[in-house]
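Below is one structure; the comments refer to it alone.
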Amino acid sequence: MTKSVVNGGSTSHSELKSVVVQDQTFALNGKDVSYRFHIDEATGDIVSDHFGGTVTESYGKPLNLGGGGWSTHEHIRREFPNQGCGDFRSPAVRIKQAGGFTVSDFKYVSHEVVNGKPGLPGLPATFGGDEEVTTLVVRLHDSVSSIQVDLSYSIFPAHNAIARSSTVKNMSDKEVTVDKLASFSTDLPYDEYEMLQLQGEWVRECTRIRRKVDYGTQGFGSANGYSSHFNNPFLSLVKPTTSETQGDTWGFSLIYTGSFAAEVERTPQGLTRVLVGMNENQLSWPLKPGESLTSPECVSIFTPNGIGDMSRKFHRLYRQNLITSRFVNEPRPALLNSWEGLFFDFDESTIYKLAQDAAKLGVKLFVLDDGWFGVKYPRIDDHAGLGDWEVNPARFPQGLKSIADKIRQLEITEFSKAQSLPSIMQFGIWVEPEMINRNSTLHDEHPDWVLSAGQYPRTETRNQLVLNLALPDVQEFIIESMTKLLRSAPITYVKWDNNRGMHESPCPSNFHAYILGLYRVLKELTTRFPDVLWEGCASGGGRFDPGMLHYFPQSWTSDNTDALDRIQIQFGTSVVYPASSMGAHVGAVPYELTGRSTPVRFRAHVAMMGGSFGLELDPAHIPDEDRTQLPELIALAEKVNPIIVRGDMWRLRLPGDSNFPAALFVSEDGSEAVLFLFQIRTVPVHNFPILRLEGLDSTATYRVDGHGPYSGATLMNGGIQYKFQGDYDSKVMLIERL
Ligand code: DGJ
């Protein structure tokens, strides 16, 4: 018999405790979210009851549909579906036992509620104090195989976020193999859903794709060993009517840098299963008696207020409770990176000249990109040197410290004192420590360190091979060679690149072992060098994932510096990741891959929507009229940067939908905001749209770009109309609350 259903709605019930356990019913409550499940008395299975807006009590068991057919479980919403018991949907777990069975039968044993959140062994994860997060651990046991599972649910009430991971422990006396272990698994009730993913390629990262969830399995993932350019480890489910500003939205973000899988399965009976976790084709993880395997964590956020609200919740959660760097909330120095200006073609004098020109524009951080290292095998192109992290004496006869010191003494010509950053030029460097060229001393000495599969050919891409970070010796080598490098010169920024996927692997489990090795290295180095500003990169955004962000507060968003493409890429990336985490640079035009030219003002305005603004050009080789505009644009980037880094982002109009993309960043206390307006192409004899702002206080008054005062109500209900002039026109408006 079904009890009457209480309509959840979107009311906040602040009096609800964040974890409530009653009999064998469990409720996790956030500001506008409830996540509920119970233990089935007869089977011991965990049954999902609700994941959505706030509900205050159980609202009944699922209807028993009775009525024949072969399905015994397909009407049951399950939290941790196993294989072999009559549930014909995709399982969350598959373990091969010594006898070859892959059946399992996990039943509830006990649970524990702990304040705060324990860390995950060897894995990056969200963190928080007792007042921010509460954790519920539910223990399950399969008495046939003697395997135990702990499902860990941590609720961050302020963010409507639930972080889940699963740990399998082998309590038997025989080795078993974990072939699949989802981080998040749940079944949603019968309803119409659409799914949103961030799909792409090199130079085309994070394109929003939205499609109907139809009968059958629809999913995506990555298999190149990393989170990948192809699909970001993020999935969102929405209702068909959900938009940026309203509607039920569920987001699932996997804190993992390795290959992953997101499965959405709508069954013939109408329920929708969601599974997010490691790619099962690259797992086969052996567990000896007593050993355990913990899955990465998947964070799920629900909001009734649309995709934009979900994004802002992820941004705040990740800034406050994921990124460990001390720079997370700090304004970032405007930088110049040598790559697109000089590529491999430089020596000490051309680098110094580039840094001098950068200083004259007001740049505060000079980054020496690829091509500075290699003694026996100098890195003068991409055929040699990876692995040999010693400066190339032919290019820098006085050594790295000497050029770094010289650059740090450059006087910076400041257009205006926009930021309170120190005005001494900082020096940063590029590395790609996980890689090796055959032409390297490291390869001469350690060909056995290359990721490979026995006698199979070691395939190269970009003329390079991957080091096997699953090996402790390789981890030590990277930690020590990077430590030596960072102690050899005054380096305050590191760009950690990675430019190819994993091909041959000694065994499937090596993929995950590599990622654990990588995390060990990153943890050690970021702990040893907390004052270095670390930036991740993988040919642009090939590893723009929450796992890397745990260690590195920012990532190079894309190798594509075409500003028009960049709006799309940065808006797409912002669906999950805060603007503070995006590196965004002004490149020269025409941009090589698209042949497109956009004005320097437009390029700079797009780049300053990223937390780490920079230049990726040689100022000596750009038109005078562009160069003369740069100091003012850099000063503006620095001025707005604190709001970009710490504020909330409102995507007011999307680049895919509109000729006039726009975004508003509002400081956390609401006292300041910065509005970015773009026109892509001129439409002759046509009106300009009125843009209604969001995220302001309707009762407060504001000055907009020196005009006003206007009430928040006027700005949000009336709006702003700006007269653009010409293709690729843009405007940045500063807004202050009076
Ligand atoms: C790929 C990166 O994305 C570029 O920015 C640059 O650092 C090159 N690698 C250097 O090889």
Side-chain angles (χ1 to χ4, degrees), residues 200-206 224 226-230 257 335-346 351 354 358 365-374 377-389 391-392 395 427-437 439-440 460-467 482 485 491 493-501 533-545 548 552 554-563 565-566 569-570 573 581-588 591-594 603 607 610 612-618:
E201 236 297 6
W202 172 65
V203 298
R204 200 159 40 74
E205 295 87 342
C206 285
N224 68 10
Y226 303 118
S227 46
S228 91
H229 299 90
F230 302 158
T257 306
L335 64 80
L336 184 141
N337 178 299
S338 66
W339 181 244
E340 287 186 25
L342 301 180
F343 291 104
F344 282 114
D345 189 14
F346 62 79
I351 283 293
L354 188 64
L365 164 64
F366 179 81
V367 181
L368 176 57
D369 207 280
D370 200 353
W372 60 268
F373 52 93
Y377 298 94
R379 177 103 172 147
I380 50 170
D381 55 33
D382 63 15
H383 286 79
L386 290 175
D388 298 350
W389 301 108
V391 74
N392 174 351
R395 288 191 163 184
F427 179 75
I429 205 154
W430 175 98
V431 291
E432 196 180 356
E434 298 158 71
M435 297 291 156
I436 181 169
N437 284 116
N439 297 322
S440 66
E460 296 186 14
T461 62
R462 209 195 186 207
N463 312 302
Q464 65 195 56
L465 297 157
V466 185
L467 284 170
M482 289 300 113
L485 171 65
I491 296 167
Y493 161 105
V494 172
K495 175 177 170 188
W496 182 295
D497 205 350
N498 179 301
N499 287 300
R500 61 159 289 179
L533 173 58
W534 298 86
E535 175 167 294
C537 173
S539 308
R543 294 203 306 199
F544 206 128
D545 62 66
M548 292 303 287
F552 297 169
Q554 62 188 55
S555 179
W556 177 225
T557 313
S558 176
D559 276 352
N560 188 336
T561 50
D562 177 323
D565 288 351
R566 266 294 184 139
I569 293 168
Q570 291 173 205
T573 305
S581 63
M582 289 185 224
H585 301 172
V586 178
Y591 174 61
E592 198 190 346
L593 291 177
T594 59
R603 279 176 273 152
S612 177
F613 171 89
L615 307 182
E616 189 98 18
L617 46 75
D618 182 349

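Each ligand, and each atom within it, is numbered from 1 in the order the structure gives.
With sequence neighbours excluded, no residue forms a side-chain hydrogen bond (donor to acceptor under 3.5 Å, both in side chains) with N439. The ring pair (Phe, Tyr, Trp, His ring centres under 6.0 Å) search around W372 returns none, not counting sequence neighbours.
Residue N560 comes nearest to D565 through the heavy atom pair ND2-OD2, 2.8 Å, listed as atom of the first residue, atom of the second, then distance. Residues D497 and E432 approach most closely at O-CG, 3.2 Å, considering heavy atoms. Nearest heavy-atom pair across D545 and S227 is OD2-OG, 2.6 Å.
Taking the six-membered ring for Trp and thresholds of 30 and 60 degrees, F427 and F366 have nearly parallel ring planes, at less than 30 degrees apart. The aromatic rings of W430 and F373 sit parallel, their planes meeting at an angle under 30°, below the 60° perpendicular limit.
Using a 4.0 Å cut-off between heavy atoms, R462 contacts ligand 1 through its side chain alone, with no backbone atom that close. Residue-level proximity to ligand 1 for C537 is carried by the side chain, the only part with a heavy atom below 4.0 angstrom.
Within ligand 1, the atoms closer than 4.0 Å to a non-hydrogen atom of W556 are 3 (O), 5 (O), numbered from 1 in the order shown. Atoms of ligand 1 found under 4.0 Å from any heavy atom of N499, numbered from 1 in the order shown, are 1 (C), 9 (N).
Regarding atom 11 (O) of ligand 1, its nearest protein heavy-atom neighbour is D370 OD2, 2.7 Å. Scanning the protein for heavy atoms near atom 3 (O) of ligand 1, the closest one is D559 OD1, 2.4 Å. Shortest contact from atom 5 (O) of ligand 1 to any protein heavy atom: K495 NZ, 2.7 Å.
Residue W430 places at least one N or O, backbone or side chain, under 3.5 Å from an N or O of ligand 1. For G540, a nitrogen or oxygen atom sits less than 3.5 Å from a nitrogen or oxygen atom of ligand 1, counting backbone and side chain alike.
Around atom 1 (C) of ligand 1, the closest heavy atom drawn from N337, D369, D382, D497 belongs to D497.
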